[in-house]
Amino acid sequence: MSQALRAWRGFALRNVLKQLISIALLHTVSIAPMLGQSNEDQAVIVRSVRVEGNETTEDFVILREMGNVPGDTLDLGRLKYDENRIYSLGLFNRVEIEHSTEGDQADLLVRVHERWYFYPFPVLGIKYGKLANAFYGLGVVHTNFRGRNERLLFEFALGFDRWVRLIYQTPRLTKDDDIYFRGSLSLARVQNLNPDRGLYQQRTYGGQVNFGKRFGLYRLFQITGGYEVWEVSNAISGGTLTPGGRDEFFNTGLNYTYDSRDVREYPTDGVLLNLVATKYGFGGSMVDFLRYGAETNVFVQLSSDVTIAGRAHGQFSAGGPVPSYRYVYFGYGDRIRGYFGRVLEGENRVGGSVELRVPLLLPRYYEFPYSPLPQFSLWRYGLYAGIFADFGKAWFRKEGFSGRHWYSGFGAGLHFLLPYSLVVRAELAVNPEWEAEFILDTGVSF
């Protein structure tokens, strides 16, 4: 690849990042009043909001997602948006909002169809592409603990990698506040494959807490804190920063999120902006560095329900050296289609995606009258076609931004929207060397 092309890609990425972040910041100022704009010709005041069908879920969990609230002017244009916001909680199979008017007063009725909230799930995987490196286990999760949209998860794994993890999360500590909390504890023994050191064992344990405050419907500000311990064998050089093979340190960070997406499982409209900064290590710890980053996703709905979506994201490091267990990657959570299985590591990374989403079958519902449980008697499904392009790179600070080349790919596929917010993507991707790969993955790309 020519030096001119690499320079052009770097220039293009910087401009894409600037444009998407500018759009996102503009939306954080403008979209809330736009969505809440009243219809001056109607001038009807919301008198009451009533909820039906929530046998488990408490009313306030639903009502806090609505823009049409008692005392405000009824906005008919955003009733569908309110339905999508409530559906995005992941607690219901279907959400419908009806309204009736009497003079200049309006009453709203929110009908919900609840899901099943407590279930076990298998933990299965193969590491580094070898069957001998399989791990297996079991987990249980409650997605609506106490009917307050609280998440409680426990899981363990045995085999090549072993771990146990406990997570508790609530969007609201009490009914009268908007204080978010998340706490987690974990203990793990994992096998790492390093090109220079080969395969070695790593042990880690620690905990993390997040406290946040929600401002309005879209903004969440969080403060995080945690404690981590990482251990490797004394014979392994470079596995930790501390001589002797044991790093232990505290971390703390700040996070700001703006989220106006319509349906989180498969967005077709709105903006997601996330800004984060985390400091690892204090005092006399050998671990002493800063990780900061930004992500912005913009979804613009065109005519006929077609959506153009764009994503730009980056994570960067500053300060002292970054231990290997805190490198950032492509090839695990985030991937570049065209190099889907390629693992790229470094202290910094940047990337982006553009995707056109075309509905072939808009989301609809199928009633299954023979279901033994009412929570599985209503199925939501849909089908979209997607055309995409991904690009990104990871690098170490000593190499500089131009020390590694860009990876990119493009392609198309089908996106299946299935019950219980499951999205399955079947895609064909091609990289610049015209190597093709078939991708079968779960979850929306972004």
Side-chain angles (χ1 to χ4, degrees), residues 21 24-25 28 150-154 163-174 177-188 190 202-216 218-232 238-259 272-296 313-329 332-334 345-350 394 396-397:
I21 292 176
L25 290 173
T28 64
E150 298 172 336
R151 309 295 172 100
L152 188 61
L153 179 145
F154 172 79
W163 71 83
V164 59
R165 182 171 59 159
L166 176 66
I167 298 175
Y168 168 74
Q169 174 181 311
T170 177
R172 201 170 188 178
L173 284 174
T174 73
D177 64 42
D178 257 330
I179 304 298
Y180 167 91
F181 173 79
R182 184 181 190 273
S184 64
L185 295 171
S186 64
L187 172 66
V190 297
Q202 193 172 55
R203 297 174 298 275
T204 178
Y205 60 88
Q208 190 84 13
V209 294
N210 295 32
F211 285 96
K213 168 68 175 174
R214 194 170 91 158
F215 298 90
Y218 315 110
R219 297 171 177 84
L220 176 65
F221 182 80
Q222 297 183 69
I223 300 175
T224 67
Y227 174 73
E228 303 177 40
V229 176
W230 296 80
E231 298 177 338
V232 299
T240 61
L241 298 182
T242 306
R246 177 186 170 94
D247 286 344
E248 53 182 315
F249 54 92
F250 291 94
N251 66 68
T252 185
L254 300 174
N255 179 257
Y256 170 79
T257 302
Y258 177 90
D259 189 355
L272 171 65
L273 173 65
N274 190 50
L275 307 174
V276 61
T278 304
K279 175 66 169 59
Y280 295 91
F282 296 91
S285 172
M286 293 292 291
V287 178
D288 184 15
F289 71 97
L290 175 70
R291 165 86 26 85
Y292 59 95
E295 176 186 3
T296 178
H313 58 97
Q315 295 186 53
F316 310 95
S317 301
V322 179
S324 59
Y325 51 80
R326 279 299 172 199
Y327 290 162
V328 292
Y329 295 91
Y332 295 118
D334 279 301
E345 72 173 8
E347 295 172 305
N348 305 317
R349 75 171 193 184
V350 292
F396 291 93
R397 285 176 288 174

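Scope of the values below: all heavy atoms of this structure, side chains included, with no hydrogens, waters or symmetry mates.
- Atom CD of Gln315 sits about 9.0 Å away from atom CG of Asn348, to the nearest 0.5 Å.
- Remark: Arg219 CZ to Tyr258 OH distance equals 5.5 Å, nearest 0.5 Å.
- With respect to Ser317, the side chain to side chain donor-acceptor pair (under 3.5 Å) criterion is satisfied by exactly one of Glu347, Arg349, Arg291, Arg326: Arg291.
- For Phe282 and Phe250, the gap between ring centers reaches or exceeds 6.0 Å.
- From Thr224, atom OG1 reaches atom CG of Leu254 across 7.0 Å, with rounding to the nearest 0.5 Å.
- Heavy atoms only, all atoms of each residue included: Asp177 and Leu173 are closest at OD1-N, 3.4 Å.
- Of all the heavy atoms in Tyr325 and Asp247, the pair that sits closest is OH-OD2, 2.6 Å.
- What you find for Leu290 and Thr278 is that their closest heavy atoms are CD1-O, 3.3 Å.
- Glu231 CD to Thr204 OG1: the interatomic distance, rounded to the nearest 0.5 Å, is 8.5 Å.
- Taking CD of Glu295 as the start and CG of Leu273 as the end, the distance is 9.0 Å to the nearest 0.5 Å.
- Considering only heavy atoms from C-beta on, Val350 comes within 4.5 Å of Phe316 through its side chain.
- Considering all non-hydrogen atoms of both residues, Gly239 and Ser324 come closest at O-OG, 3.9 Å.
- In this structure, Tyr180 and Gln169 have side chains that are in contact, with non-hydrogen atoms separated by less than 4.5 Å.
- Side-chain contact between Leu152 and Phe154: absent, with no pair of heavy atoms (C-beta onward) separated by less than 4.5 Å.
- Of all non-hydrogen atoms in Phe289 and Pro323, the two that sit nearest each other are CE2-CD, 3.6 Å.
- Two residues are said to be in side-chain contact when any heavy atoms from C-beta on lie closer than 4.5 Å; Tyr280 and Phe249 meet this criterion.
- In this structure, CZ in Arg172 is found 5.0 Å from CG in Asp178, a value given to the nearest 0.5 Å.
- No side-chain heavy atom of Trp230 sits less than 4.5 Å from a side-chain heavy atom of Glu248.
- Counting heavy atoms from C-beta outward, Phe181 and Asn210 have side chains that stay 4.5 Å or more apart.
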Candidate pair Ile179 and Lys213, rule side-chain contact (heavy atoms from CB on, under 4.5 Å), full reasoning
CA-CA 5 Å; Ile179 304 298; Lys213 168 68 175 174; 3.8 Å; yes

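- Test Thr252, Asp288, Asn251 against Lys279 for side chain to side chain donor-acceptor pair (under 3.5 Å) and you get one pass: Asp288.
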Carefully, step by step, assess Tyr327 and Glu345 under the rule side chain to side chain donor-acceptor pair (under 3.5 Å).
CA-CA 6 Å; Tyr327 290 162; Glu345 72 173 8; 6.0 Å; no

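- Using a 4.5 Å heavy-atom threshold, the side chains of Val164 and Ser186 count as separate.
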Passes side-chain contact (heavy atoms from CB on, under 4.5 Å), Tyr168 versus Glu150? Steps please.
CA-CA 7 Å; Tyr168 168 74; Glu150 298 172 336; 3.0 Å; yes

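- For the pair Tyr218/Leu272, no side-chain contact is recorded, criterion being any heavy-atom separation below 4.5 Å from C-beta on.
- Here the closest heavy-atom approach between residue Leu275 and residue Ala294 is recorded as CD2-CB, 3.6 Å.
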